[in-house]
Every structure is written in C-alpha cells, then in structure tokens.
Amino acid sequence: MSSMRQSDTVFALIDGNAFYVSCERVFSPALRQRPVVVLSNNDGCVVARSNEAKTLGISMGVPYFKIRHAYEQGGGIALSSNYSLYSDLSSRMMSVIGQYSDRQEIYSIDESFIEWTGFRHLDLDSMARDLRKQVDRWTGIPVGIGIGPTKTLAKLANRLAKKHPDFMPAGICDLTSLPEPVLDTYLASLDVGEVWGIGSRWAKKLVDLGVYTALDLRQVDPVWMRRHFNGSLERTALELRGIACFPLEESPPPKQQIVSSRSFGQLITRQEALSEAVSTYTARAAEKLRQQHSRARALTVFLHTPPFNSREPQYHPSVTLRFAASTSDTLVLTSAALNGLRRIWKPGYRYQKAGVMLLDLVSRGEESLSLFADEQELAAGQSPSRQALMSVMDQINREMGRETLWTAAQGVKKSQANVTPWRMNRQRLTPAYTTRWDQLPVARAI
DNA sequence: TCTGGGGTCCTAGGACCC
DNA sequence: TCTGGGGTCCTAGGACCC
C-alpha cells in the first residue's frame, strides 16, 4: 500500500488533449495526423497545438506572424478560435464526466476534477479506462486522466499521463497506486515549474534556492515556503505531501468582477467606432452579470494604445464610475460606459484595445440601498419593467443567437467590416457546427 | 504589418482613526 | 521642541491559472 493513500478519497483530473484542436478535428477529419494550431482572438497567438505541431517545435503563446511562414511551408494548418464550438463540446464532455461521480468541479473549458471515494486501485483503473472510452465515444474528444490524493497531485499525474512514456499509451496515471520510491522517481522527473501554482517567476526563485524538481518541492518544509513565498505556496507544498488543502469546488461562487475587452481588428482613431465597441463590450458584460444574478455598483472603462510599438505614442487611460444604486441594466450600464469613454478619449492616438469592467458586484436581493440614490436612478437601475425587458432580450439572444437584439449604441451596420473596423479578425474560422442551424455539418452520400 | 482574454489571490503601503 | 502604536480599509501591483 502506498503511503500516498492517506484517505479513502482521491481526486481525478480529466482534461481534453489539445482541446481546441480536438474539437476542430471532430468535424474535420482531414485535420487528423496533421500539424494544427488554434489561434487566439484576432488570430494573434498560438493557444492550442496538436502533437504534430508540438513536434514541429511550435511553442505555446507564440505570436503567429513570427512562425507563420515556416509553419505553413511545412504543411501546418492554423485556425481562428471558434468558441461557440468549443464551449458546446465542453459542456457535452463535462456532462459525460459528471456521470462518473456525484462530486464534480468544472475547472476550465477543458478540465474537470471529480472525487472518487472508497475504490481500490483496480477499480480506479477500470473506472478511468471506461470514462476515457465513453468521452471519446460520445464526444470524439481524447482525454488524459490523472489520479492523486490531492488536486495538486492529480494535476501532476495528469501531466505524467501526457508526457511520460510509462503512462502515455493508456493516457491514465494513478499516483495512489505507486510505492513511495517509485513515486519519488516520477516526481523527480518533473521540473518544479510544472507543479500547479508554480509559474515561471517562482520557479526561477525556487531554483535559485536549490529546489529543482517536484520531488524537491515535496521535501521542503512548508513553513519555509510560507516565509519565502506565501500561504498559497505553503499549501501547494502540503498538497504534494498528500495533505489536501484545496477542496473540490462544486459550485463556484459568483464572480467578483466581470471584464469584457477586445483588441481591435485594426488600430482605431475615431471616437464613434470606440463608442460602438465599448457599447458592445458593455452589453456582453451585462449579460454575464445577469446570468449570475448579480448587479454592479461600479464600472470601469479603459483604452490602450499598442504596447509593442515604441514609435506609437502611448496612452492607457481608465476611469471608474460608481452607481448610487446597483444595476444590471444594459442601457444604464451603457450610458455610464459611454460617459466614461467621453472623459478619457483623446484625439491624436491610435487605439488598439478597449474594455469594460463591472466591479463591486452584489447578489440580487442582498444589497442595501444607498442613502443618496435619487429616485430616478433607482427607477432606471431596478424597475420591474426594465428587468423584464432585460430578461426578454437575454432569452431572445440565447435562443436566436448572440446579438440578435442589440442596443443602437452598438452600431447599426454590423455586418460590414469596413464600417466596423473594431471587430476582430477571424480569417480562419470554421463553422459553428453544433450551435447554429445554418452551419450544421452536412452528410453526403458518396 | 501582424503579440488574447478573463479571472483569482496575496502583499505592501498609504490614508485615516483613536 | 518633543512626535507612538495599532487597527482597518483601500488600492496598486505582482504573481498565478487556463
């Protein structure tokens, strides 16, 4: 029996392999066995890579223009990110995974923790194999599975399942089944920077202090970690020893802030175009706000000139506006955002990005009214008829597709790129196969 | 020419109060 | 002229995650 198995409960981390690429491959079999990358918004950076692309040496996060020539010469394919496809396949994948445990945390679009209690090693192994097969059968997405006594160790196990030859064929790594000396060998094969919660800065500091591998980190005194770093990293060190400090979060608490921002398809100078962009981002943020049944008491608008071009004059202003009464009304929020924009916009700059943040969020029904709210603001922020209007708008946009209904401030000539230059570039976008009737895949008899 | 977007947590330091 | 100490709240900045 391994000493890592201190309790009856284990965590499994299931994640999609090169998730965005795998989603694309579900509907385009021609992409299989070929180098494929998916790009960030505006076709900027590489955010997902197939194994074939990794083999070509394409690194995560690299700006695509830097590698494009050589990559495409070598037969590589690049796609714009298609989030409606990825989030739809994600929820299907999550619901299959959810059938394997009654305790599930959806950690990100492609990762889920589940908890398993009371299984022996052989049962765990067959459960994991079965889970993997079912996800593949029902969604077409290949997944890796890591199992450990803590979330941090489950993450590391998942890493081993992806990169260590001993586990790669099955795509499953169960650390709880390993005798201690064997476990140590595997932990020693992982750099300290591969541990969940250790980014590049702290990895460097740890290496300077003589902590090189995941095994080294497991053996340091957790209190020493707290002294040199902070309490979070102390917990990371404890988790590596098999002491669970990060619980499963089945229903994540509502967000404390909501941001909607985008880089533009081209640099923008006109205030009118910025107003349309800011109104669009505000509408999107407000929709998310209502989805989690919250209201905002403050809103920030910000602008950015391009950060990478030193010849361009730099300007990144922001302004925060407070509301006397909290609100989730798109029209109230939009007029505040445009107000803020007028205050910070200055001519003579070419803007690259704008955004809106909703802050100081309160759950609907929990907030206390400000003594200074005047009645007009209360009426605008919270009146039942405006709430009803928002619900109808949300429902229509949910059922008929995003931005079926929009505010006039977002601009009326939406489809033409020449009049909405702020819309992002997505020149390599595949169809929304699963979420739009007009883009369903068509099966043809040969 | 072309470098994403959306989050959280922690700490330090300043303002303010008694 | 001498000029404490402790608490709270807020913000900015830095680190991390995917």
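Quantities reported herein were computed from a predicted structural model and do not represent experimental measurements.
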Within this structure, what is the NZ-to-C1' distance between A:Lys155 and C:dC17, rounded to whole angstrom? 8 Å

Rounded to whole Å, please give me the gap between NZ in A:Lys66 and C1' in B:dT1. 14 Å

By side chain to side chain donor-acceptor pair (under 3.5 Å) - contacts of A:Asp15 (at least two apart): A:Asn158, A:Lys162

Report the distance from atom CG of A:Leu238 to atom SG of A:Cys245, rounding to the nearest 0.5 Å. 4.5 Å

Qualifying residues under side-chain contact (heavy atoms from CB on, under 4.5 Å), relative to A:Thr434, sequence neighbours excluded: A:Phe27, A:Leu85, A:Asp88, A:Arg92

Who pairs with A:Trp196 by side chain to side chain donor-acceptor pair (under 3.5 Å), at least two apart in sequence or on another chain? A:Tyr107

Residue list, side-chain contact (heavy atoms from CB on, under 4.5 Å) with A:Arg426, at least two apart or on another chain: A:Ser80, A:Met424, A:Leu429

Checking A:Arg342 against A:Asn339 for the side-chain contact (heavy atoms from CB on, under 4.5 Å) test, could you report, in this order, the C-alpha distance in whole Å, the side-chain angles of both residues, the deciding distance, and whether it holds? CA-CA 5 Å; A:Arg342 277 191 291 275; A:Asn339 200 340; 4.2 Å; yes

Close residues, residues 197-209 of chain A, relative to DNA chain B [heavy-atom separation under 4.0 Å]: none

Please list, by residue number, the residues of residues 89-98 of chain A whose heavy atoms come closer than 4.0 Å to an atom of DNA chain C; answer none if no residue qualifies. none

How would you list, by chain and number, every residue that makes a side-chain contact (heavy atoms from CB on, under 4.5 Å) with A:Asp191, sequence neighbours excluded? A:Glu194

Could you work out, with side-chain contact (heavy atoms from CB on, under 4.5 Å) as the rule, every residue matching A:Lys54, not counting sequence neighbours? A:Arg49, A:Asn51

Listing, residues 61-68 of chain A side-chain donor-acceptor contacts under 3.5 Å, not counting sequence neighbours, or none:
from    : atom 1 : to      : atom 2 : distance (Å)
A:Tyr64 : OH     : A:Glu72 : OE2    : 2.7

Figure out the CZ/P separation between A:Phe246 and C:dC18, and round it to whole Å. 13 Å

Are A:His304 and A:Phe302 close enough that their ring centers fall under 6.0 Å? yes

Name the nucleic acid region contacted by A:Tyr64, choosing base, sugar-phosphate or nothing; use a 4.0 angstrom heavy-atom cut-off, strictly under. nothing

Quick one: do A:Lys151 and A:Glu239 satisfy salt bridge (Lys or Arg N to Asp or Glu O under 4.0 Å)? Show the steps, please. CA-CA 8 Å; A:Lys151 288 166 89 175; A:Glu239 285 240 322; over 6 Å; no

Return the value, rounded to whole Å, for the distance between atom CZ of A:Arg49 and atom P of C:dC18. 13 Å

Base, backbone or nothing for each nucleotide of nucleotides 4-13 of chain B, written B, S, -, heavy atoms under 4.0 angstrom, 5' to 3'? SSSSBSSS--

What stems show up for DNA chain C when you take Watson-Crick pairs (N1-N3 plus N6-O4 or O6-N4) and G-U wobbles (N1-O2, O6-N3), both under 3.5 Å, and require three or more consecutive pairs? B:5-18 with C:5-18

In a table with atom names and distances, give each donor-acceptor pair under 3.5 Å that connects a side chain of residues 254-262 of chain A to protein atoms at least two apart or in another chain.
from     : atom 1 : to       : atom 2 : distance (Å)
A:Ser260 : OG     : A:Tyr281 : O      : 3.4

Pick the C1' atom in C:dG4 and in B:dC17, then give their distance to the nearest Å. 14 Å

Taken to the nearest whole Å, CD/A:Glu249 to P/C:dC17 is 16 Å

Heavy atoms only, 4.0 Å cut-off, all strands: where does A:Asp43 land among base, sugar-phosphate and nothing? nothing

Can you confirm whether A:Leu190 sits close enough to A:Leu156 that some side-chain heavy atom of one is under 4.5 Å from a side-chain heavy atom of the other? yes

Can you tell me the distance, in whole Å, between the CG atom of A:Asp110 and the P atom of C:dC18? 9 Å

I'd like to know if the side chain of A:Thr282 pairs up with that of A:Thr334 as donor and acceptor (distance under 3.5 Å, no hydrogens or angles considered). no

